[in-house]
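These notes concern the structure reproduced below.
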Amino acid sequence: SSVGPHVGIPAEWDPTPTDAMPTIRDEERAALKSDADDEDSPSCFDGVCKVLYFFFSQAIWLAAGGVVGFFGIFLGVVAGEAWFGSTPGGAFAGMSFMPIITIPLCAIISTAAALICNCLQVSFAKRVAVCAGVNVVMFLLLFAWALSVMYQDGQISN
């Protein structure tokens, strides 16, 4: 047998690869590359799932905004009437139409916040925190406003 470039090692045992002879590492790299290509290329199912998730998340924040628009005013009026009283046909009756305005307005604001976060590819945890924060602020503003209207009405009746 012939001797390879390393002294005392037969050529067929020589660890130095030649161009004609692929090594195990080259084969492993090729296998890993084909596996990675499969993972990187999204399937149709992945695309459908992303679209469904997008619409589902928008619907959830749309509903959350609508709930905030209703209960922010409703609870503010009920609490204000209980604490401060109300004149007959006063603010209690006048505020009863406000959810017609606040429900769609809050739903649009909540959905817009979720859409902006989604377009900016904000992480799930941050997106939930931002959208929840927007809804909490809207609720507190509506509640405080309704409470102040009921307080003013209660001062008139007393």
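- Side-chain contact between Leu147 and Tyr151 is absent, with no heavy atoms from C-beta onward closer than 4.5 Å.
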Just list the side-chain donor-acceptor pairs under 3.5 Å for residues 63-83, sequence neighbours left out, or say none.
none

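- Qualifying side-chain contact (heavy atoms from CB on, under 4.5 Å) partners for Leu140, counting only residues two or more places apart in sequence or in other chains: Val136.
- Contact detail for Trp61 and Ala114: the closest heavy-atom pair is CD1-CB, 3.5 Å.
- Among residues two or more places apart in sequence or in another chain, the side-chain contact (heavy atoms from CB on, under 4.5 Å) test is passed with Leu115 by Phe54, Gln58, Cys119.
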### Task
Kindly indicate, with the supporting measurements, whether the criterion side-chain contact (heavy atoms from CB on, under 4.5 Å) is fulfilled by Cys131 and Ile60.
CA-CA 11 Å; Cys131 293; Ile60 293 295; over 6 Å; no
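- Residues satisfying the side-chain contact (heavy atoms from CB on, under 4.5 Å) test with Phe124, not counting sequence neighbours, are Tyr53, Arg127, Val128.
- Under a 4.5 Å side-chain heavy-atom criterion applied to ILVMFWY residues, the cluster that includes Leu141 comprises Val137 as well.
- Applying the side-chain contact (heavy atoms from CB on, under 4.5 Å) test to Leu52 and every residue at least two apart in sequence or in another chain returns Val48.
- For the side-chain hydrogen bond (donor to acceptor under 3.5 Å, both in side chains) condition, the pairs that include at least one residue of residues 97-126, sequence neighbours left out, are Ser110-Asn135.
- We find the CG-CG distance between Leu105 and Leu142 to be 8.5 Å, quoted to the nearest 0.5 Å.
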Let me have the donor-acceptor pairs involving side chains of residues 90-100, under 3.5 Å, with sequence neighbours excluded, atom names and distances please.
from	atom 1	to	atom 2	distance (Å)
Ser96	OG	Ala93	O	2.7

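- The list of side-chain hydrogen bond (donor to acceptor under 3.5 Å, both in side chains) pairs with a residue in residues 66-80, not counting sequence neighbours, is empty.
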